[in-house]
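To start, the structure under review is shown below, and the notes come after it.
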Number of protein chains: 2
Amino acid sequence: MKLLGGAWTPNIVWRLSGDPRRFSELRDDIPRISAKVLSARLRALEETGVVTRSVISTSPPSVEYALTELGRELVPVIQAILNVGTKLAHRRAAATR
Amino acid sequence: MKLLGGAWTPNIVWRLSGDPRRFSELRDDIPRISAKVLSARLRALEETGVVTRSVISTSPPSVEYALTELGRELVPVIQAILNVGTKLAHRRAAATR
DNA sequence: CTGTATCCCAGACGATACTG
DNA sequence: CAGTATCGTCTGGGATACAG
């Protein structure tokens with residue numbers, strides 16, 4: 001489970017499933033994540049080969065993160081987890097009634 | 001991610017994907033897990049509605065854990081994560097050469 | 001803009017011992 | 001057999017401040 005270890009990891013991968021995104025864009029996408037955690041997760045994902053990190057030396061500099069091919073394979077998986085989670089939430093709500 | 005929160009959770013669900021299993025059977029299946037963590041994870045899974053817990057009042061008593069229908073939906077998901085993880089490991093090994 | 005450096009907390013985990 | 005209790009450790013994460 002080192003692959004999806006962090007609580008935020010699936011969310012981050014999810015946000016990258018479309019176009020590559022920059023650091024601050026990810027921060028806007030996931031408002032409640034702290035810079036520290038975001039950079040920690042991105043580092044970990046880069047190490048495991050799920051995302052790539054490209055520094056663009058402009059002024060100000062920007063950094064783009066994108067999923068690797070294998071990283072893309074995680075997207076439907078995350079989708080599936082989300083589905084089950086949603087169903088469980090619904091079933092729980094139904095049980096309340 | 002409270003669904004698959006713990007590091008052992010996917011493994012436990014995986015072991016339950018076949019027949020229902022008793023507490024000590026799970027301990028044998030996953031040798032390095034402590035009783036405390038196993039019981040904690042099982043409790044959490046029961047709470048989220050992924051597994052059911054059935055006490056069989058024999059002597060000595062035994063307890064069977066089984067996946068719910070929704071729990072079963074997690075099995076292919078875990079399989080998929082495993083696949084990606086395996087591919088990543090292979091690619092890493094290939095990069096070493 | 002893209003991070004790193006602290007500090008501090010809560011939770012997950014491991015080992016051991018003990019109970020119904 | 002199936003756990004709970006306790007203690008200690010380690011990591012993830014939040015907040016804030018600071019740096020290239």
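In the text below, chain A, chain B and the rest are named by the order of the sequence lines, each starting its count at 1.
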Sugar-phosphate only, base, or nothing, as touched by B:Ala40 at under 4.0 Å among non-hydrogen atoms: nothing
Sugar-phosphate, base or nothing in reach of A:Arg41, heavy atoms under 4.0 Å: sugar-phosphate
Within this structure, what is the [atom1]-to-[atom2] distance between [X] and [N], rounded to whole angstrom?
X: A:Ile30; N: D:dG14; atom1: CD1; atom2: C1'; value: 15 Å
X: A:Arg21; N: C:dC1; atom1: CZ; atom2: C1'; value: 16 Å
X: A:Glu64; N: C:dT2; atom1: CD; atom2: C1'; value: 14 Å
X: A:Leu26; N: C:dC1; atom1: CG; atom2: P; value: 13 Å
X: B:Trp8; N: C:dG11; atom1: CH2; atom2: C1'; value: 17 Å
X: B:Arg27; N: D:dC1; atom1: CZ; atom2: P; value: 8 Å
X: B:Leu38; N: C:dT16; atom1: CG; atom2: P; value: 18 Å
X: B:Leu42; N: D:dC1; atom1: CG; atom2: P; value: 16 Å

[X] side chain N/O closer than 4.0 Å to the phosphate oxygens (OP1, OP2) of [N]?
X: B:Ser24; N: D:dC1; answer: yes
X: A:Arg22; N: C:dT2; answer: yes
X: B:Arg43; N: D:dT4; answer: yes

Atom pair OG (A:Ser39) and CZ (A:Phe23), whose distance is rounded to the nearest 0.5 Å: 5.5 Å
Nearest-0.5 Å distance, CD1 of residue A:Ile78 to CG of residue A:Leu4: 6.0 Å
Counting heavy atoms from C-beta on, name the nucleotide in [options] closest to the side chain of [X].
X: B:Phe23; options: C:dG3, D:dA2, C:dC13; value: D:dA2
X: B:Ser34; options: D:dC1, C:dA15, D:dA15; value: C:dA15
X: B:Arg53; options: C:dT2, D:dG3, C:dG3; value: D:dG3
X: B:Val37; options: C:dT4, D:dG3, C:dC13; value: C:dC13

Full working for salt bridge (charged side-chain N to carboxylate O under 4.0 Å, His left out) between B:Glu73 and A:Lys87: CA-CA 10 Å; B:Glu73 297 187 29; A:Lys87 284 192 189 175; 3.2 Å; yes
Listed once per pair and sorted, the salt bridge (Lys or Arg N to Asp or Glu O under 4.0 Å) pairs that draw on residues 22-49 of chain A, sequence neighbours left out: A:Arg21-A:Asp29
Residue that, paired with B:Ile33, satisfies side-chain contact (heavy atoms from CB on, under 4.5 Å) out of B:Asn11, B:Ile12, B:Leu26: B:Ile12
base_contact_polar (C:dG14 base, B:Lys36 side chain, donor-acceptor, <3.5 Å): yes
